[in-house]
Amino acid sequence: NEGKEIVIIDNFSNSKPEVLDKIKQITGKDFKFYEMDYSNKEELNKVFTENKIDAVLNFAGYKAVGESVKKPIEYYTNNISGALVLLDTMKKYGVNELREMYLSFFESKGHLRMKSFSLVPKNDNSLLLINSGMAPLKPYFTGQEVPPRRRVTTCQKCIRTGDIENVGKTARHGTFFEMLGNFSFGDYFKTEAIHWTWEFLTDVVGLDPDRLYPSVYQDDDEAFDIWNKQIGIDSSRIFRFGKEDNFWEHGAGPCGPCSEVYYDRGEKYGCGKPGCTVGCDCDRYMEVWNNVFTQFNNDGHNNYTELEQKNIDTGMGLERLAVVVQDVDSIFDVDTIKALRDKVCDMAHVTYLEDPKKDVSIRLITDHIRSVTFMTSDGIVPSNEGRGYVLRRLLRRAARHGRLLGIKGKFLSELAKTVIEVSEDAYPEVSSLQNWQIQLLRFRRTHILNLERRRNISSTRSKRKRKASIRL
């Protein structure tokens with residue numbers, strides 16, 4: 001208001017200069033600034049008394065339930081007759097920003113940042129391709145190898161093809177994704193893992209705590225109490241689920257309960273059913289974080305004993321987090337993937353979401369070219385077996401759907417350049433092999449179209465000759 005002095009109390013952290021400059025720009029006034037911890041009630045009271053504060057602008061962007069911000073809001077409510085205004089200042093961070101924020105955050109917690117491992121598993125015949133953040137770290141969890149540090153953080157490129165037939169048909173499914181992870185090998189455990197989960201999601205990213213819902217394994221009272229008594233989440237907002245949902249194990253060996261965090265995206269993504277809540281199959285409540293507490297050993301007969309060395313295995317899909325932060329419908333709408341999706345539309349001279357059949361092809365090509373680009377950058381080449389066959393199948397499907405959209409020329413190689421542009425800062429390997437990689441995609445596109453032509457010709461021949469023709 002005219003004539004009022006502005007007093008700012010906050011622990012702005014790294015965003016302080018940007019926020020203060022913005023306030024000065026908007027108000028055109030100088031102000032007093034106190035950098036302090038919200039929870040220091042004595043100092044808070046001193047500042048309020050000295051400055052005769054009669055209104056508050058809360059830049060947290062939410063009514064927080066965490067003690068660090070809950071205390072001043074209670075103080076404002078009890079001691080000030082003026083207004084309490086909540087300003088939503090959460091930035092819609094890009095995929096590349098979120099990745100860096102996560103890795104930097106856990107570096108600040110003593111973790112060693114390690115670059116993504118290759119998609120080709122090392123000394124692990126159980127996998128064709130790396131499909132999770134912890135997969136390349138298994139030797140550290142099992143004790144076969146000594147980790148470079150007991151705390152590690154990564155953003156791991158992953159590929160899963162179990163639902164490949166659904167890719168494109170829905171906006172949920174994809175083959176390529178990035179998995180953020182923080183890992184502890186016998187160092188910290190549940191308390192630190194849960195506290196850092198909450199700190200990153202609310203304080204660093206700025207998600208509304210009132211829209212976050214933790215889940216725990218049904219018998220994990222320790223995790224429940226940490227969420228309830230230490231973080232301050234009301235017990236009615238913490239969900240207990242059974243083994244199928246919140247207990248990780250794979251036959252004999254190390255295993256343990258999970259604690260996930262769900263984000264409420266709002267009614268527009270819900271199913272409309274009266275009982276819709278966390279655990280519903282609709283798109284309203286999206287899982288954004290999963291802490292696995294590896295604390296037991298299964299002898300293979302469901303007899304569990306406590307592990308001497310307990311571990312933390314955290315997984316958070318980067319694209320999923322971006323969906324929440326950017327408030328978009330699906331992974332195909334987040335900034336880096338949308339750039340690729342838009343490139344496909346430009347090539348096909350179509351508009352996304354105008355024709356459901358074309359949308360299937362748009363999404364499929366957008367997803368598959370990401371997998372293809374990263375697989376070839378890791379040295380995988382098309383073949384008739386193993387991971388080479390996976391690559392061949394992805395190429396074949398992408399080329400066929402390009403033809404369905406009417407795209408002319410060697411479009412896969414051009415799309416790969418877009419993948420490289422949005423990914424090379426985090427994954428320099430995608431550009432280091434760019435020349436041969438692009439040539440490979442050009443060759444495969446031509447080869448696939450030739451096979452299509454031969455198949456069409458063969459369809460007019462006799463049944464005997466058709467059996468001998470090449471089928472895709």
* Can you find a heavy atom in the side chain of E199 that is under 4.5 Å from one in the side chain of W196? -> yes
* Asked: With a 4.5 Å heavy-atom cut-off, do V422 and L340 have their side chains touching?
  -> no
* R99 (side chain) donor-acceptor with L318 (main chain) under 3.5 angstrom -> no
* **Within-4.5 Å side-chain heavy-atom neighbours: L207 and R211** => no
* To do: Using only heavy-atom distances, determine whether the side chains of D335 and Q326 contain a donor-acceptor pair under 3.5 Å.
  => yes
* To do: Report yes or no: do E267 and Y269 form a side-chain donor-acceptor pair below 3.5 Å?
  => no
* Are E424 and K417 ion-paired here, with the side-chain N under 4.0 Å from a carboxylate O? -> no
* To do: For R265 and D283, indicate whether the former's side chain and the latter's backbone hold a donor-acceptor pair under 3.5 Å.
  => yes
* Please check if atom NZ in K190 has more than 12 non-hydrogen atoms from other residues, nucleotides or ligands closer than 6.0 Å. => yes
* Asked: For the rings on Y213 and Y262, is their centre-to-centre separation under 6.0 Å?
  -> no
* Asked: Any donor and acceptor pair, going by atom type alone, linking the side chain of R237 with main-chain N or O of D210 inside 3.5 Å?
  -> yes
* Asked: With a 3.5 Å cut-off and no angle check, do the side chains of T154 and Q156 form a donor-acceptor pair?
  -> no
* Asked: Which pair of non-hydrogen atoms, one from D187 and one from R150, has the smallest distance, and what is that distance?
  -> N-NH2, 3.7 Å
* Is the F189 ring parallel, tilted or perpendicular to the F293 ring (thresholds 30°, 60°)? -> perpendicular
* Are N182 and Y188 linked by a side-chain donor-acceptor pair shorter than 3.5 Å? -> yes
* To do: Indicate whether the side chain of H111 and that of T153 have a donor and an acceptor atom separated by less than 3.5 Å.
  => no
* **Y285-Y263 aromatic ring centre distance below 6.0 Å** => no
* To do: On the 0 to 90° scale, with breaks at 30° and 60°, tag the F185-F183 ring pair as parallel, tilted or perpendicular.
  => parallel
* Aromatic ring proximity, centroids under 6.0 angstrom, F176 and F374 -> yes
* Okay, side chain of N228, backbone of I233: is any donor-acceptor separation there less than 3.5 Å? -> yes
* Got P148 and M114 here, is their nearest side-chain heavy-atom distance under 4.5 Å? -> yes
* To do: Give a yes or no on this: more than 12 heavy atoms of other residues, nucleotides or ligands lie within 6.0 Å of atom NZ of K115.
  => no
* Indicate whether the side chain of T175 and that of R370 have a donor and an acceptor atom separated by less than 3.5 Å. => no
* So, the side chain of R341 versus the backbone of T366: is there a donor-acceptor pair under 3.5 Å, distance only? -> no
* Asked: Regarding T170 and H173, is there a side-chain donor-to-acceptor distance under 3.5 Å anywhere?
  -> yes
* To do: Keeping the roles fixed (side chain from R392, backbone from E385), state whether a donor-acceptor pair exists under 3.5 Å.
  => no
* Before accepting this row, confirm whether a basic side-chain N of the pair E429/K157 lies closer than 4.0 Å to the acidic partner's carboxylate O. => yes
* Would S259 and N291 count as having a side-chain donor-acceptor pair, cut-off 3.5 Å? -> no
* Asked: Considering residues, nucleotides and ligands other than D281, do more than 12 of their heavy atoms fall under 6.0 Å from its CG?
  -> no
* For Y217 and E222, does a side-chain donor sit closer than 3.5 Å to a side-chain acceptor? -> no
* Asked: Does some side-chain heavy atom of L353 sit less than 4.5 Å from a side-chain heavy atom of D359?
  -> yes
* Counting distance only, does the side-chain N/O of R113 pair as donor-acceptor with the main-chain N or O of V152 below 3.5 Å? -> no
* **K358 atom NZ: more than 12 heavy-atom contacts under 6.0 Å** => no
* Asked: Strictly by modelled atom types, are N246 and S215 linked by a side-chain donor-acceptor pair under 3.5 Å?
  -> yes
